[in-house]
Amino acid sequence: MNKNEKFVITINREIGSGGHTVGGKIATKLGVPYYDKAVIQGLMGKYNLSIEEIESLKGRKQDWWSEFKRVIGIGRDMSGSVINEPDLYNANDIFRTEKEILLGIAEAESCVVAGRSGFYIFQDHPNRLSILITAPMEQRIQRLVSHQGLSVEEAKKTIEKVDTSRENYIKKFTGTTRYDARNYDLVISMKGKTEDEIADLILQYIG
């Protein structure tokens, strides 16, 4: 990946690994926006971004995402957007709309994308880096206990539920598994490492 040209970094991660935080740190250090589920689905809900509306926007202006951001006043710190997720779409609509939003974003600017099947959506992008971040189960449990105030048993159940949900989602819409290392340029374990250490490691890899 060449950071001097328009790029996309995708971060897939296990819940409790700290991968979402790592993605945010990378985006901050590279000076680019960070897009995650809350931001993308929030935009869909707040601004009624359906497939049809996105196509209309693209038809009116080639650089539609930059124009859209200008009109609605979105700044560079996208991670600060807290918007309730919409319940107006079925799973197929959500995937198709998210895909179109993300592809449009990548046409307009460099960015870091957390989850959202990014490794699949951007597999043909000429300047992308796809990363999977994992962590030992005990470390994941302890992170949920300390960060979300869950009991150990609650943390275990949450991890199991989210792992199953994410895997089913990936299989349904991409035909692969998120644990297939061939989908990524880097597969990193958080074992014994801090988020800052992993972020620095990735930045060193990028060069």
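None of these values were measured; they are calculated from a predicted model.
Residue Leu132 holds its CG atom at 10.0 Å from OG of Ser189, rounded to the nearest 0.5 Å. The structure places CZ of Phe119 at 8.5 Å from CG of Asp180, a figure rounded to the nearest 0.5 Å. Atoms OG and CG, on Ser17 and Asn12 in that order, are 10.0 Å from each other to the nearest 0.5 Å. Atom OH of Tyr169 and atom CZ of Arg178 lie 13.0 Å apart (nearest 0.5 Å). Between the CG atom of Asn168 and the NZ atom of Lys172 there is a distance of 10.0 Å, given to the nearest 0.5 Å. Note that CD1 of Ile105 is 4.5 Å distant from OH of Tyr35, once rounded to the nearest 0.5 Å.
Between Thr134 and Arg13 there is no side-chain heavy-atom pair separated by less than 4.5 Å. Put simply, the side chain of Leu103 reaches to within 4.5 Å of the side chain of Phe122, judged on heavy atoms. Residues Lys25 and Asp196 form a side-chain contact, since some pair of their non-hydrogen atoms from C-beta on lies under 4.5 Å apart. Ile131 is not listed as a side-chain neighbour of Tyr184, based on a closest heavy-atom distance of 4.5 Å or more.
Distance alone, capped at 3.5 Å, places no donor-acceptor pair between the Asp163 side chain and the Glu14 backbone. Using a distance-only test at 3.5 Å, with no hydrogens or angles considered, no donor-acceptor pair links the side chain of Arg128 to the main chain of Gly118. Under a 3.5 Å cut-off, the side chain of Tyr34 and the backbone N or O of His20 do form a donor-acceptor pair.
Residues that satisfy the side chain to side chain contact (heavy atoms under 4.5 Å, CB included) test with Asn127, not counting sequence neighbours, are Met1, Asn2, Glu5, Phe7, His125. Here Thr158 pairs with Ile15, Leu144, Leu150, Val162 under the side chain to side chain contact (heavy atoms under 4.5 Å, CB included) rule; sequence neighbours left out. Among residues two or more places apart in sequence or in another chain, the side chain to side chain contact (heavy atoms under 4.5 Å, CB included) test is passed with Gln123 by Tyr120. Take Lys193 and apply the salt bridge (charged side-chain N to carboxylate O under 4.0 Å, His left out) test, not counting sequence neighbours, and it matches no residue.
In terms of heavy-atom proximity, Ile11 sits nearest to Gly23 at CG1-CA, 4.1 Å. The two atoms that bring Ile170 and Ser117 nearest to each other are CD1-OG, 3.4 Å, heavy atoms only. Closest of all the heavy-atom pairs between Leu30 and Ile9 is CD1-CD1, 3.6 Å. Closest approach of Ala155 to Val145, counting heavy atoms only: CB-CG2, 4.1 Å. In plain terms, the two heavy atoms of Glu107 and Lys6 that are nearest each other are O-NZ, 2.7 Å. Ser110 approaches Pro33 most closely through the heavy-atom pair O-CD, 3.4 Å.
No hydrogens or angles considered: a donor-acceptor pair under 3.5 Å links the side chains of Thr10 and Ser130.
Under the 4.5 Å side-chain heavy-atom criterion for Ile, Leu, Val, Met, Phe, Trp and Tyr, Ile133 and Ile159 are members of distinct hydrophobic clusters. Tyr179 and Met190 are assigned to two separate hydrophobic clusters, defined by single-linkage of ILVMFWY side chains at heavy-atom distances under 4.5 Å.
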Donor-acceptor contacts, no H, no angles, side chain residues 197-207, under 3.5 Å, sequence neighbours left out:
unit_1	atom_1	unit_2	atom_2	d
Glu197	OE1	Thr194	N	2.9
Asp200	OD1	Lys29	NZ	2.7

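Pairs engaging residues 153-162 under the salt bridge (charged side-chain N to carboxylate O under 4.0 Å, His left out) rule: none recorded [sequence neighbours left out].
A salt bridge links Glu195 with Arg143: the closest approach of a Lys/Arg side-chain nitrogen to an acidic carboxylate oxygen falls below 4.0 angstrom.
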